[in-house]
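All remarks here apply to the structure that follows.
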Amino acid sequence: MDQSKKLEVLRHLLEHKLFSRSPSTSMLLKYLVEASLEKKDLKENTISMELYGKDYADEKSAAHMRVNIYHLRKKIEKYYSTDGENDEIKLEIKKGQYQVEFIERSNDPQLIIQRRKRRYFVLAASILLAISLVSLSIYQKKIPVWQPFFSNNKPTTLFIGDFFGIMGTTVTGNTGWNRDYDINNLQDYYKYLERNPDKKEQMSPANYPYVTGLAAIGTMNISRIFHFNGNDFDIRFTSQTSIKDISSVNSIYIGPVKNKNIFLALFNDSNSKFKIDQYTISYKDAAAERDTLINLSIEDGTKYEHAVVSRMKGPNGTEQFMFFSDHDIGVKATTEKFTDIKWIEEVFFKMTEENIEYFTAVFLVRGQERTSLELELLLWEKL
């Protein structure tokens, strides 16, 4: 099989929705294919250094690389078991390896066996499927608050609140990464240069964003409930996100409020009584004559933190879940609790005194050294 045919197989995969909606996965697959064609000796640290510019020599980081490869392998398997079932050439990354292999499927013994079994057991499979569907309709337990993410047949994207960076002179006089809270994406950056053209030669957009520890912790917690239910999601940074990007997908946001991302605007538009403004959240209930203002940032956020959780309907029949906090422990605690089905049913629903699906809630988070986190419900409103 010549190299051009292999590259055509790669191009075909990258155009499929499984990969086109996941830039990080596509980048990893493209790198592995090209490196395999060049006959590179692929190892975890080699991949991480060449692809991400990071040293993954320690075991914890190497495990992170293995997780990325695992998710890539699963996407490939899913493609060839669905839309790519009849492709003539199959791309494969065997377990424990990083080299990419190309298999002509007419000679694939596993595929031949599968087709033979399929002919013999179509009737039996149909009967089992009918029984399974009946059983599922009777016995399948719906996941409180999360169920529409798994049943509305729309893809889900996890949007991580990152900080847009600018390369320029730092406070030490060297060149490095800088942060301006009023510049949160490329549009803000170029608007700034329009107002300050003399700065054009002194700065440039950074080629990487900045995220805090809540990004990793929140992603891990949400991955747990999705993988438990046999589902997956894509990941994007909010500094690279537009309204169009969330108009046709279920969306989950985890991150701070001080980066002025589009999810703050969505939250404020969808909540008639709650409003987030930079570092505060206000609650106004004219009927109850209640007007409350809460500072979202408490000292350094290591022991106490206010967090906002909002579960709402999105556009075009999509679903949205938002987790806001200024520091790590707010998102860590709320994503940990709201991906625990038992906690939702036995604690949260008891707090609200009803099984609500769409709501906004403000919590006080307590935790010593960011561990043993507990939530106290301060305010909530049914949406």
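Keep in mind it's a predicted model, so treat the numbers as computed, not measured.
- Under the 4.0 Å criterion applied to side-chain N and carboxylate O atoms, E336 and K332 are not assigned as salt-bridge partners.
- In this structure, the side chain of N229 does not engage the main chain of N231 through any donor-acceptor pair within 3.5 Å.
- Under the 4.5 Å side-chain heavy-atom criterion for grouping Ile, Leu, Val, Met, Phe, Trp and Tyr, M203 is not connected to W177 through any hydrophobic cluster.
- For the pair R236 and D245, the salt-bridge criterion is met [side-chain N within less than 4.0 Å of a carboxylate O].
- A heavy-atom distance below 4.5 Å is not found between the side chains of S282 and T292.
- Scanning all heavy atoms of the two residues, the minimum distance from I143 to I225 falls at CG2-CD1, 4.0 Å.
- Closest approach of V365 and A307 over heavy atoms only: CG2-CB, 4.1 Å.
- L193 and Y181 fall into different hydrophobic clusters, where Ile, Leu, Val, Met, Phe, Trp and Tyr are joined by side-chain heavy atoms under 4.5 Å apart, directly or via other members.
- Put simply, the side chain of F338 reaches to within 4.5 Å of the side chain of V309, judged on heavy atoms.
- Screening K154, R21, K75 against D234 for a salt bridge (charged side-chain N to carboxylate O under 4.0 Å, His left out) leaves a single residue, K75.
- With respect to S36, the side chain to side chain contact (heavy atoms under 4.5 Å, CB included) criterion is satisfied by exactly one of L42, I93, L91: L42.
- Ionic pairing of E15 and R11 is present here: one or more N-O contacts between side-chain nitrogen and carboxylate oxygen are shorter than 4.0 angstrom.
- Of the inter-residue distances, the one linking S22 atom OG with K17 atom NZ reads 14.0 Å to the nearest 0.5 angstrom.
- Hydrophobic cluster membership is shared by I222 and I329, with clusters built from Ile, Leu, Val, Met, Phe, Trp and Tyr side chains linked at under 4.5 angstrom.
- There is no side-chain donor-acceptor pair under 3.5 Å between Y304 and H327.
- Using modelled atom types, one side-chain atom of N271 and one backbone atom of F267 make a donor-acceptor pair closer than 3.5 Å.
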Walk me through it: do T238 and N185 pass the test side-chain contact (heavy atoms from CB on, under 4.5 Å)?
CA-CA 9 Å; T238 54; N185 49 52; over 6 Å; no

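- Under the 4.5 Å side-chain criterion, counting only non-hydrogen atoms from C-beta, Y192 is not in contact with D188.
- A salt bridge links K273 to E381: at least one charged side-chain nitrogen sits closer than 4.0 Å to a carboxylate oxygen.
- Taking CD from E77 and OG1 from T82, the interatomic distance works out to 11.5 Å, rounded to the nearest 0.5 Å.
- Side-chain N/O atoms of S248 and N316 include no donor and acceptor closer than 3.5 Å.
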Give the intermediate values and the outcome of side-chain contact (heavy atoms from CB on, under 4.5 Å) for residues T334 and F363.
CA-CA 9 Å; T334 51; F363 295 92; 4.3 Å; yes

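- In this structure, H16 contributes its side chain and L18 its backbone to a donor-acceptor pair below 3.5 Å.
- N184 and Y189 share no side-chain donor-acceptor pair at under 3.5 Å.
- Paired with R366 under the rule side-chain hydrogen bond (donor to acceptor under 3.5 Å, both in side chains), one option of E305, E376, E374 passes, and it is E376.
- D87 places no side-chain N or O within 3.5 Å of a backbone atom of K90 that could act as its donor or acceptor partner.
- Within the 4.5 Å cutoff, the side chain of F149 has heavy atoms near those of the F226 side chain.
- Between the side chains of N250 and N152, at least one donor N or O sits under 3.5 Å from an acceptor N or O.
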What's the verdict on side-chain hydrogen bond (donor to acceptor under 3.5 Å, both in side chains) for T339 and N221, showing C-alpha distance, side-chain angles and the deciding distance?
CA-CA 7 Å; T339 53; N221 290 334; 5.1 Å; no

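- Between the D277 side chain and the T280 main chain, no donor and acceptor come within less than 3.5 Å of each other.
- With hydrophobic clusters built from ILVMFWY side chains whose heavy atoms lie under 4.5 angstrom apart, L37 shares a cluster with L29.
- Within the 3.5 Å criterion, the main-chain N or O of F349 finds no donor-acceptor partner in the side chain of E353.
- Nearest heavy atom pair, residue V33 against residue V100, reads N-CG2, 3.9 Å.
- Taking the centre of each ring, F348 and F359 come in below the 6.0 Å mark.
- Screening I281, V257, V362 for a side chain to side chain contact (heavy atoms under 4.5 Å, CB included) involving F324 leaves a single residue, V257.
- Side-chain atoms of I166 and I183, non-hydrogen and from C-beta on, do get closer than 4.5 Å to each other.
- Proximity of F163 to V211: side-chain heavy atoms (C-beta onward) are nowhere separated by under 4.5 Å.
- Distance alone, capped at 3.5 Å, places no donor-acceptor pair between the H227 side chain and the D232 backbone.
- A donor-acceptor distance shorter than 3.5 angstrom exists from the side chain of T170 to the backbone of N174, with no hydrogens or angles considered.
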side-chain contact (heavy atoms from CB on, under 4.5 Å), that's the test. Do T157 and S251 meet it? Break it down for me.
CA-CA 5 Å; T157 298; S251 55; 5.6 Å; no

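- Taking every heavy atom of both residues into account, M167 and N178 meet most closely at C-ND2, 4.3 Å.
- We find that E319 and R311 are joined by a salt bridge, their nearest charged nitrogen and carboxylate oxygen being less than 4.0 Å apart.
- One finds a salt bridge joining K382 and E354 here, because a Lys/Arg side-chain nitrogen approaches an Asp/Glu carboxylate oxygen to under 4.0 Å.
- One finds the OG1 atom of T335 at 8.5 Å from the CZ atom of R224 (value rounded to the nearest 0.5 Å).
- Considering only heavy atoms from C-beta on, M322 comes within 4.5 Å of L266 through its side chain.
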For a side-chain contact (heavy atoms from CB on, under 4.5 Å) check, start with the C-alpha distance between V249 and T318, then their side-chain angles and the critical distance, and finish with the verdict.
CA-CA 6 Å; V249 299; T318 61; 5.6 Å; no

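- Across F321, F263, Y253, a single residue satisfies ring-ring contact (aromatic ring centres under 6.0 Å, His included) together with F159, and that is F263.
- One hydrophobic cluster holds both Y79 and I76 under the rule that ILVMFWY side chains link at heavy-atom gaps under 4.5 Å.
- A heavy-atom distance below 4.5 Å is not found between the side chains of V308 and S325.
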